[in-house]
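Structure first, then comments.
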Amino acid sequence: IQSSKFMYLVSESHATVGQVMSAISLLSVDMLANVIPISIAISVCVILLKFKQSNQLIALQSFGVSRHMLIKPILLMSLIACAFTYSLTLYFSPIALQNFKITRVQLVNNISFPKHSGNLINFGGISVFADKYVGKLNFNGLTIVDNRQNDVFRTYTAKSGSLSNGVIKL
């Protein structure tokens, strides 16, 4: 259902191929967190099955290699995959989701932020972007994206604004 909504969004917004690929790559972070453990489990089973079918396990054990020594590389690879998956879900997935929401807002509203714009503030579903810092906490070209509600996105733009005591004055 989500993919059909996304494809409808892409077709209605007349997005470029680069924008679509960027959005898909942001969604692939969560997919990797699910695919990596499954692929490692399947590959370990296939390799051990091939070892058993070709009697290589018996040959290794006859040379004095214990089962514990055979399991050590599998456990090491599993721990590395676990650490990688943990970093994906803990750090990279929230960043990718936030960037995907911004990309989705851009596609829905048919707007694009300048390449050099920086994310000033990001809290509670509100992101503030500025084109240029002009000094004394004053900014030009502000874009405010409010995505506190999952289904409703609001975008506000202003020529200039200032930041004072955590409040943005437009």
Contact check, side chains of L142 and S160, non-hydrogen atoms, under 4.5 Å: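 Sidechains of S160 and L142: no contact.
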Interatomic spacing from OG1 in T89 to CG in N34 - rounded to 0.5 Å: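 Rounded to the nearest 0.5 Å, the OG1-CG separation comes to 9.5 Å.
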Can you tell me how far the CG atom of L75 sits from the CD1 atom of I80, to the nearest 0.5 Å? 11.5 Å
Identify the two heavy atoms, one from [X] and one from [Y], that lie closest to each other, and give their separation to 0.1 Å.
X	Y	value
A33	L88	N-CD1, 4.1 Å
Y91	P94	O-CD, 3.3 Å
I36	F84	CD1-CE2, 3.3 Å

Going through the checks in order, is the side-chain contact (heavy atoms from CB on, under 4.5 Å) test met by I74 and L48? CA-CA 10 Å; I74 295 170; L48 289 177; 4.1 Å; yes
What residues, two or more places apart in sequence or in another chain, satisfy side-chain hydrogen bond (donor to acceptor under 3.5 Å, both in side chains) together with S93?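 For S93 the side-chain hydrogen bond (donor to acceptor under 3.5 Å, both in side chains) partners, ignoring immediate neighbours, are D30.
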Which residues share a side-chain contact (heavy atoms from CB on, under 4.5 Å) with V65, sequence neighbours left out: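 With sequence neighbours excluded, V65 shows a side-chain contact (heavy atoms from CB on, under 4.5 Å) to L60, M69, L70, given in chain and number order.
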Transitive ILVMFWY side-chain link [X] to [Y], under 4.5 Å:
X	Y	answer
M77	L32	yes
I40	V29	yes
L79	I71	no

Any pair counted as side-chain hydrogen bond (donor to acceptor under 3.5 Å, both in side chains), so long as it reaches residues 35-62, sequence neighbours left out: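 As it turns out, the side-chain hydrogen bond (donor to acceptor under 3.5 Å, both in side chains) pairs with a partner in residues 35-62, which skip direct neighbours, are S54-Q56.
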With side-chain contact (heavy atoms from CB on, under 4.5 Å) as the criterion, how do K159 and N140 come out once you've worked through the C-alpha distance, each side chain's angles and the decisive distance to 0.1 Å? CA-CA 6 Å; K159 280 188 173 184; N140 286 340; over 6 Å; no
